[in-house]
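Have a look at the structure below before the remarks.
In what follows, chains are A, B, ... by sequence order, proteins preceding strands, each numbered from 1.
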Protein chains: 4
Amino acid sequence: MYSELKQRVFAANLKLPQYGLVTFTWGNVSEIDREKGVIAIKPSGVEYDVMKVDDMVIVDLNGAIVEGTLNPSSDTATHLELYKAYPEIGGVVHTHSRSATIWAQAGIDIPALGTTHADYFYGDIPCTRKLSCDEIAGQYEKNTGLVIIEEFKHRRVDPMAVPSVIVAGHAPFSWGKDANDAVHNAVVLEEISAMALATRSLNSGIKIQPELSDKHYQRKHGDNAYYGQR
Amino acid sequence: MYSELKQRVFAANLKLPQYGLVTFTWGNVSEIDREKGVIAIKPSGVEYDVMKVDDMVIVDLNGAIVEGTLNPSSDTATHLELYKAYPEIGGVVHTHSRSATIWAQAGIDIPALGTTHADYFYGDIPCTRKLSCDEIAGQYEKNTGLVIIEEFKHRRVDPMAVPSVIVAGHAPFSWGKDANDAVHNAVVLEEISAMALATRSLNSGIKIQPELSDKHYQRKHGDNAYYGQR
Amino acid sequence: MYSELKQRVFAANLKLPQYGLVTFTWGNVSEIDREKGVIAIKPSGVEYDVMKVDDMVIVDLNGAIVEGTLNPSSDTATHLELYKAYPEIGGVVHTHSRSATIWAQAGIDIPALGTTHADYFYGDIPCTRKLSCDEIAGQYEKNTGLVIIEEFKHRRVDPMAVPSVIVAGHAPFSWGKDANDAVHNAVVLEEISAMALATRSLNSGIKIQPELSDKHYQRKHGDNAYYGQR
Amino acid sequence: MYSELKQRVFAANLKLPQYGLVTFTWGNVSEIDREKGVIAIKPSGVEYDVMKVDDMVIVDLNGAIVEGTLNPSSDTATHLELYKAYPEIGGVVHTHSRSATIWAQAGIDIPALGTTHADYFYGDIPCTRKLSCDEIAGQYEKNTGLVIIEEFKHRRVDPMAVPSVIVAGHAPFSWGKDANDAVHNAVVLEEISAMALATRSLNSGIKIQPELSDKHYQRKHGDNAYYGQR
């Protein structure tokens, strides 16, 4: 019944090691079927090289397992909050990819410094506030999602224009129109994170020109976009 | 009619992922046939692993498509300005290769710090000025080319002796006698960019001796060059 | 008689080059059979690509060769001290993996800066004191083990909660419940060492929240752990 | 007549791209046959992936071609000076490997910071003085060799105990008992160069304990060495 959804989520998960975004099992991808009210997500702690398509777990929006014999990713509750808050998104990915995680550990927004960033992200990539002790002690993974959503709301950032976040002291989450698109954004996030690290070390005060950022974002994503084949 | 040109441009484009210069579709190579007044260039937004030789687009020097069913690279207008201004060049390449892009984002010339640089580039590699708001809002890609040409003219730098540039806030362009040579220079640019980052971090004031720079450039490119097989 | 032990140790040693933790022969893995009172360990100075399972050396807890025609790793005495002091551990690994060795050379503890660290290590990873001249001139490899043990005891750090150490001026050792688990921890150590280098360069005073460290360690290793499949 | 020598030099040259020490043709390895008074060396500017064993060039100690149809490496004169000055060495290698070249460009000795360094190099790796304008304008490659030799003599460094050098503004040379051993040392040089870069960035004043340096060098290379199989 969920075989196509599982297949897409399985394939998207396998892209994480292919793009060098994960060590061991440190990442997970999900995709939602909004009509059926379920997501498919990677099982928790299963190695990518032995994982099979039928290991994908189908979970409803309350986190209850609908189909599957394994436990879903321990980060499932974070994915679910994002799907519930952002109706436009279809896929979510979490990794500990090196450079993005470095910015998350440093607790600093990933600054927009060039057109590589602007081609995908409209402005800085927010780093969330720290979770409170109560938020950590309580429903930690759900609260991680809520803190992400709070950050975007508080800053008035459109999650579709900035499809990634870094969680302070933790690591990045990315999203997109489906699982594959979310992984695509996670790859971009890692590359621009690495570039930003060295750029700031060369020139600590530099920022992208706002007009250049607008131009590159709009030529790919605006109403009159002319990048690619349409 | 343009099958050999397309084949060369196709092969040169495939070298970009081979040498690790591109993520996804972030790069494009072209070559000019000056007799026929056309260039062949990568189509916009097509992934390297599915791209076929017949996807290459033939464009005239006004940017009109002469042959091909796909849109040419969105950076085509930049390539065309370079070909029109520099009659000696036969190939152009644009990438967002990591280390060169870092210097572009920092807005700092890539300094000549050693013989690796001097073997290919006669002096620092210029970073252009920022484009004005009007230049961005107008014919952005064409203006990018014009700003590159302005920078070389203003500094009295010979584009054949320094076959690369970094565009402020954006990324590098390289060129050469044909598409393959342009890609070769793009690979060198990335390597010397990475070396320069760490060299300056170890010794912030260092520069290459001008005599050593001359010697290495001339032993490869001068009238009495003796590097390689001749 | 020791064929299964040898096979496991052989396989664990081969993971070192697979994970990029060693150059040439710069690493060794051992595993203990506590019932038989022996360890199997890599032979000294043998290249990984020609090493055979029967090259593994069986050594008793005094360092005497029980089975095998080659010399055991020159670091055998360090492994033996760790096995004798820590009855819970079953495997030990030593490498000169780049980022962990950098921290060892700098003589600085690897700070806990994020959840990637906290998922495996409960707090900072100690850097030992320097060995004294007498300790170096005497039974150097045995004394290396004793200095590690002294450091953990002095700091009241549980070696099972922090299954790695860096030896000042030298390189890391990791351990685990068996050889494979020790290598797993060595891979994690290298990744978090690399992340910590850049994190501290971005934000020199940053530390992980203690509550976040607790949470991540406990959700994987605590009594109510819920990460993975159980 | 020189087929075995050529074969060894060919194989040693191919290790340069295998170990990631070269981009394009930026490296060359030679080995000497002291009885016959010749060296075999890589031809100049020939790509590694098309190079054949018979492309190796046999040159006498005056630099005259004895056998071979191609030009020898443009760095041949540097190799020859090293062979003439150091009768114990049998192989020489030159690369522009990234991290060692960074130290050369910065004009700073590669400091001994840990046992990885001490296992192969007894003390800091010298950076030569800059060549004078006359030395550059004259027999540049020969003078490069002479400046290396001057540096070791002036500092009273034994070239067999420190089998590498970095030439200011240029790049490293390594040597060893034969071509293969020289390449081995070049690989080590690159790794310790990378480690030293980040170590100094973490702790700018750190040095290895002299006693630890002695111990590690002697346990591999001293009269009572006990590393490896003997």
Side-chain angles (χ1 to χ4, degrees), chain C residues 22-27 43-47 55 57 69-77 94-111 127 129-138 140-141 143-144 166-172 193-194 196-198 200-201 204, chain D residues 15 18-21 97-99 110-120 124 176 180-181 183-222 224-230:
Chain C
V22 294
T23 302
F24 297 126
T25 61
W26 306 352
S44 184
V46 175
E47 298 280 349
D55 293 338
V57 188
T69 55
L70 298 170
N71 295 337
S73 165
S74 56
D75 300 304
T76 300
H94 172 53
T95 77
H96 287 225
S97 70
R98 187 180 289 184
S99 299
T101 301
I102 286 164
W103 285 95
Q105 292 190 160
I108 300 174
D109 294 355
I110 302 169
C127 181
R129 67 164 170 83
K130 292 181 184 177
L131 273 71
S132 70
C133 296
D134 283 352
E135 285 167 340
I136 292 171
Y140 169 65
E141 291 82 6
N143 290 336
T144 297
I166 48 177
V167 177
H170 186 174
S193 296
L197 279 168
R200 276 291 166 92
S201 144
S204 60
Chain D
K15 287 194 170 179
Q18 279 169 27
Y19 281 105
L21 298 186
S97 70
R98 187 181 288 183
S99 299
I110 302 170
L113 300 179
T115 60
T116 322
H117 184 117
D119 280 338
Y120 290 87
D124 295 352
N180 194 54
D181 190 44
V183 171
H184 191 101
N185 289 335
V187 173
V188 176
L189 176 70
E190 178 59 15
E191 183 63 24
I192 61 174
S193 297
M195 285 178 177
L197 279 168
T199 303
R200 276 291 166 92
S201 144
L202 262 185
N203 187 340
S204 61
I206 197 77
K207 289 287 292 176
I208 195 173
Q209 288 170 274
E211 298 80 8
L212 187 60
S213 177
D214 274 17
K215 173 68 188 180
H216 267 262
Y217 191 78
Q218 299 299 342
R219 81 172 192 168
K220 278 195 90 161
H221 306 281
N224 299 309
Y226 54 91
Y227 182 93
Q229 309 298 329
R230 282 150 204 276

Can you say whether [X] sits under 4.5 Å from chain D via the side chain, the backbone, both, or neither, judging by heavy atoms?
X         : answer
Pro43(C)  : both
Val46(C)  : side chain
Ile108(C) : side chain
Glu141(C) : side chain
Leu197(C) : side chain

- Query: Considering only heavy atoms from C-beta outward, does the side chain of His117(D) approach that of Val188(D) to under 4.5 Å?
  - Reply: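 SC-SC contact between His117(D) and Val188(D) ruled out.
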Side-chain donor-acceptor pair under 3.5 Å between [X] and [Y], yes or no?
X         : Y         : value
Thr116(D) : His96(C)  : yes
Tyr227(D) : Thr25(C)  : yes
Tyr120(D) : His184(D) : yes

For each of [options], tally heavy-atom pairs with chain C at distances under 4.5 Å, and name the one with the top tally.
options                                    : value
Gln229(D), Glu211(D), Met195(D), Arg200(D) : Gln229(D)
Asn203(D), Leu113(D), Ile206(D)            : Leu113(D)
Asp119(D), Val187(D), Ile192(D), Thr199(D) : Thr199(D)

Hey, what do you get for CD (Glu190(D)) to OG1 (Thr23(C)), rounding to the nearest 0.5 Å?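 Separation between the atoms: 10.0 Å.
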Nearest 0.5 Å, please: how far is CD1 in Ile208(D) from CG in Leu212(D)?
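Between Leu212(D) CG and Ile208(D) CD1, I get 4.5 Å after rounding to 0.5 Å.
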For the aromatic rings, using the six-membered ring if either is Trp, is the centroid distance between His170(C) and His216(D) under 6.0 Å?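 So the answer is yes for these two rings.
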Winner by heavy-atom pair count (cut-off under 4.5 Å) against chain D, out of Ala168(C), Ala171(C), Ser99(C), Ala106(C)
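Most heavy-atom pairs within the cutoff with chain D belong to Ala106(C).
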Heavy-atom pairs under 4.5 Å with chain D - which of Pro72(C), Gly169(C), Ser73(C), Gly45(C) has more of them than the others?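 Highest number of pairs under 4.5 Å: Gly169(C).
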